[in-house]
Protein chains: 2
Amino acid sequence: MEEIDRRIVSLLSRNGRMSFTELARQAGLSVSAVHQRVRRLETDGVITGYVALCDPVVIGLPLTAFVSIKPFDPAAPDDLPERLAGVTAIEACHSVAGDESYILKVRVASPSALEDLLQQIRTIANVSTRTTVVLSTAYENRPPEI
Amino acid sequence: MEEIDRRIVSLLSRNGRMSFTELARQAGLSVSAVHQRVRRLETDGVITGYVALCDPVVIGLPLTAFVSIKPFDPAAPDDLPERLAGVTAIEACHSVAGDESYILKVRVASPSALEDLLQQIRTIANVSTRTTVVLSTAYENRPPEI
DNA sequence: CATGAAAATCGCCACGC
DNA sequence: GCGTGGCGATTTTCATG
């Protein structure tokens with residue numbers, strides 16, 4: 001992937017609804033050339049999708065937390081992500097190195113919803129949890145430097 | 001915010017480039033009514049932006065980590081987010097409750113780039129760091145349940 | 001707030017280089 | 001791969017109920 005592709009990806013990761021016309025202007029190419037490149041970036045899996053970001057507070061999920069997970073049985077099968085996939089409060093699930101096995105990022109409506117969620121996670125997955133509550137978010141989802 | 005707005009936000013957070021025409025069809029409204037609502041959702045700060053998501057591995061940032069931060073001086077001013085804002089490897093910065101003060105999500109090209117980044121963070125902010133390396137990501141940036 | 005229609009803009013494809 | 005041209009679709013605005 002070279003210069004122009006990087007520029008296109010960078011522009012789209014800052015404004016996912018930028019028109020091909022504007023994209024072409026800022027990339028210094030014709031519209032059809034940009035069109036071709038964007039389609040290729042999509043099919044090649046460089047661009048994995050487009051999303052609208054929304055303020056979690058406004059949509060009723062003001063409480064964010066990171067939940068670190070340690071299985072009770074260290075030899076248990078590693079299928080926790082699938083087991084938890086249906087729990088929509090979980091925004092992200094990372095397998096990690098270190099003392100614990102997974103880190104989840106979760107969003108809920110209230111402390112008691114967090115309590116319920118943790119209970120649910122422990123039950124579904126037979127794990128212990130350690131929760132770090134987010135007090136404020138200075139920034140998140142910043143576009144990568146490409 | 002009521003039913004139709006929630007539906008619109010939900011659709012756009014799954015496909016940020018969905019056309020107004022398609023949005024209108026799925027929301028059961030005319031195109032211009034949907035247009036009006038989307039503009040309002042944007043200006044009201046419900047929808048905060050649109051982004052293309054891209055595969056960090058493909059763009060040369062295969063290593064993700066969470067960096068937990070504890071200031072050496074507990075009485076130091078709380079301006080760490082601003083001090084670190086220029087460091088583009090930092091994708092997110094959360095102030096958190098608990099033993100540590102902040103959690104950063106970072107993406108780098110290699111272990112040695114991570115080493116440099118940690119050094120940079122410690123120098124800029126006069127803090128100690130604890131780093132949890134991500135081994136694999138089952139999912140992230142999942143749209144919220146609205 | 002919703003609608004429908006008009007005007008401007010855009011997405012997309014075919015073609016030639 | 002890139003550019004040009006053109007047509008149908010989409011976006012955007014506006015007048016109206």
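The chains referred to below are lettered A, B, ... by the order of the sequence lines, with proteins before strands, and numbering in each begins at 1.
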When you measure from the side chain of B:R83 to the backbone N and O of B:I124, does any donor-acceptor pair fall under 3.5 Å? yes
Using a cut-off of 6.0 Å, state whether more than 12 heavy atoms not belonging to B:E82 lie near its atom CD. yes
Donor-acceptor contact present, side-chain B:R130 to main-chain B:K70, <3.5 Å: no
salt_bridge(B:K105, A:E91) N-O dist < 4.0 Å: no
Chain B on DNA chain C: first and last contacting nucleotide, 5' to 3', under 4.0 Å to a heavy atom? C:dC1 to C:dG11
How close or far is atom P of D:dA9 from atom CZ of A:F20, stated in whole angstroms? 18 Å
Quick check against the 3.5 Å criterion: does B:T48 have a side-chain atom that pairs as donor or acceptor with the backbone of A:D55? no
Whole-Å gap separating P (D:dG1) and CD (A:E3): 16 Å
Donor-acceptor pair, distance only, cut-off 3.5 Å: does the side chain of B:R142 make one with the backbone of A:C93? no
Using a cut-off of 4.0 Å on non-hydrogen atoms, how would the nucleic acid contact of B:R40 be classed: base, sugar-phosphate, or nothing? nothing
Check whether any side-chain N or O of B:S95 sits under 3.5 Å from a backbone N or O of A:L135 as a donor-acceptor pair, and report yes or no. no
Output yes when a side-chain donor or acceptor of A:Y139 lies under 3.5 Å from a complementary backbone atom of B:P81, and no otherwise. yes
For the backbone of A:M18 and the side chain of B:R17, can you confirm whether one donor and one acceptor N or O come within less than 3.5 Å of each other? yes
Output yes when a side-chain donor or acceptor of A:R25 lies under 3.5 Å from a complementary backbone atom of A:T21, and no otherwise. no
To the nearest 10 degrees, how far apart in direction are the end axes of the helix from C:dC1-D:dG17 to C:dC17-D:dG1, each fit to five base pairs? 30°
side-chain N/O B:R39 vs D:dT13 OP1/OP2, d < 4.0 Å: no
Contacting residues from residues 25-36 of chain A, given that a heavy atom lies under 4.0 angstrom of DNA chain D: A:L29, A:S30, A:S32, A:A33, A:Q36
